[in-house]
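Note that these values count all heavy atoms, side chains included, but never hydrogens, waters or copies made by symmetry. Reminder, nothing fancy here: chain letters follow the sequence lines and each chain counts from 1.
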Amino acid sequence: MNVRRIDDYTYIVDKEEGMNVPGIVYSSEELFKSIDDGSLRQVINVAKLPGIVKASYAMPDIHLGYGFPIGGVAAFDANSGIISPGGVGYDINCGVALVSTGIKFEEFKPKVREVTDDLFNEVPSGLTSRKGLKVSSSDLNEILRSGLKWAYEHDLATREDMDHTEDGGSIENTGNNVSKAAQQRGISQIGTLGAGNHFLEVQRVSQIFDNETAKKFGIEMDEVTVMVHTGSRGLGHQVATDYIRMLRESDYAIKTSDPELISVPAESVLGEKYLDAMRSAANFAFVNRQIAIHRIREVFEKHFDARPRLVYSLAHNIAKEELHMVDGERMKLIVHRKGATRAFPAGKASPPFEDTGHPVLIPGSMGTASYVLVGLPDNLEKSFGTTCHGSGRVLSRNQAVKKYAGIVEKELEQRNVYARPATKHVLYEEAPESYKNVDDVVDAVYGARLAKPVVKMIPISVVKG
DNA sequence: ATGTCC
């Protein structure tokens, strides 16, 4: 492959045989060295898919994914292009929510353990976590169809929560294309965290880079915030499994040299069915995060005279129909963001964020800082209005366990982070050293002028699946 | 990521 560095934060993967567009990787020189050839190969494979426009993009937190790289962005002509489950990921609408509690660190400090233990109990975690909100199957169907509208009607979300959720937490779909098996897996998991890199973290605002925007986002210096990272649990995973199988068995799916990189025309029967099911799973994930938010709010209201507010809840694994300018023409596209965050800038963002741009929530690795960013004006042209989603792995889970078993808990203690993991194992898998440095990733997306830092938070305590 | 392999 032929890769050229064209400026401090932009690398071009030149078009080769079969590529419809070039690859573009936004990264610093230092971070680029940690990108493996396999994930760059995935950027190239995606560039070969039918109907892709402009470029196959990657963010500085890129790493190997199923078919498509994690940290990848690819947009396809909505009429003549494809949709691919691998371009969304198994965890459909995996995403992040941030709650600002209005409580200052000094007031919170004496209650760190007490409050964190309550959060651990109220937001079930771990691989199976089947202790979610009890709902009927007709409720589940309504959740798939209407997302947060269901939560609002059941007093589990406020109007403000909906306004502060990507797409209002409600993406239109029929709710009819999610298998019974997927529904069965999901029905007991609403409001649960899951496992792996999913977490709930209590944080302290340690730095404000942009006073005006921070104020509009409702975040103050030294305030306690709570960040939640979770997705569509077993339901989304089963939807992905179901449709990848159906695509494999279909005679019109588009197969490539990589069996994981399978896609179908977006306008085909199977393409439309997957998109519909993906939207159902996305609504499920919005409700899953909302129930966690609701319970976080209840815990803080119990311990403090507090009125916690949702800053934002967003998806970083999703495909969306959007209008973008391509070669001076307005085009309807299906934008796949896999481990990448929508970050429309001021003037282009949906209400109530027209003046600021959508908030972007960037969790660091366990025990390290997290950021709130906001999109910069040129990013629509550069990445379909997209920025990074986190740190990005550098060590596999197995490698991390081998290297850091038994020492992560001490490390967290030294950093003064109180940890409540569901199992010790997950703590080792998620050793901070197995991820890229989040500060470097944020520097790179700022350097590439995709997004700028608004606020930095440091961890106080963490609940891990 | 995931009832970590129907």
Remember a base hit wins even if backbone is also touched, and classify A:A240 as base, sugar-phosphate or nothing at under 4.0 Å, heavy atoms. nothing
Which class fits the ring pair A:Y66 and A:Y90: parallel under 30°, tilted 30 to 60°, perpendicular over 60°? perpendicular
With a 4.0 Å limit, can you tell me whether A:H425 has a side-chain N or O closer than that to the phosphate oxygens OP1/OP2 of B:dT4? no
Nearest-angstrom distance from the residue atom CG of A:D91 to P of B:dT4: 15 Å
Using a cut-off of strictly less than 4.0 Å, decide whether A:R397 has a side-chain nitrogen or oxygen near OP1 or OP2 of B:dT4. no
Within this structure, what is the CG-to-C1' distance between A:L193 and B:dT2, rounded to whole angstrom? 14 Å
Atom pairs and distances, donor-acceptor, side-chain atoms in residues 311-318 of chain A, under 3.5 Å, two or more places apart:
unit_1 : atom_1 : unit_2 : atom_2 : d
A:Y312 : OH     : A:R342 : NH2    : 3.1
A:S313 : OG     : A:R289 : NE     : 3.1
A:H316 : NE2    : A:H229 : NE2    : 3.3
A:N317 : OD1    : A:G339 : N      : 2.9
A:N317 : ND2    : A:D91  : O      : 3.1

Under 4.0 Å between a Lys/Arg side-chain N and an Asp/Glu carboxylate O for A:R309 and A:E160? yes
B:dT2 P sits how many Å from A:R245 CZ, rounded? 19 Å
Return the value, rounded to whole Å, for the distance between atom CD1 of A:I70 and atom P of B:dT2. 13 Å
Assuming nearest nucleotide by heavy-atom distance, tell me which of A:L127 and A:Y90 is located more 5' along DNA chain B. A:Y90
Taking any heavy-atom pair under 4.0 Å as a contact, classify A:Q184: base, sugar-phosphate, or nothing. nothing
Evaluate the ring planes of A:F32 and A:Y11, with Trp represented by its six-membered ring, and classify them as parallel (under 30°), tilted (30 to 60°) or perpendicular (over 60°). parallel
For the pair made of CD in A:E429 and P in B:dT4, what is the distance, rounded to whole Å? 13 Å
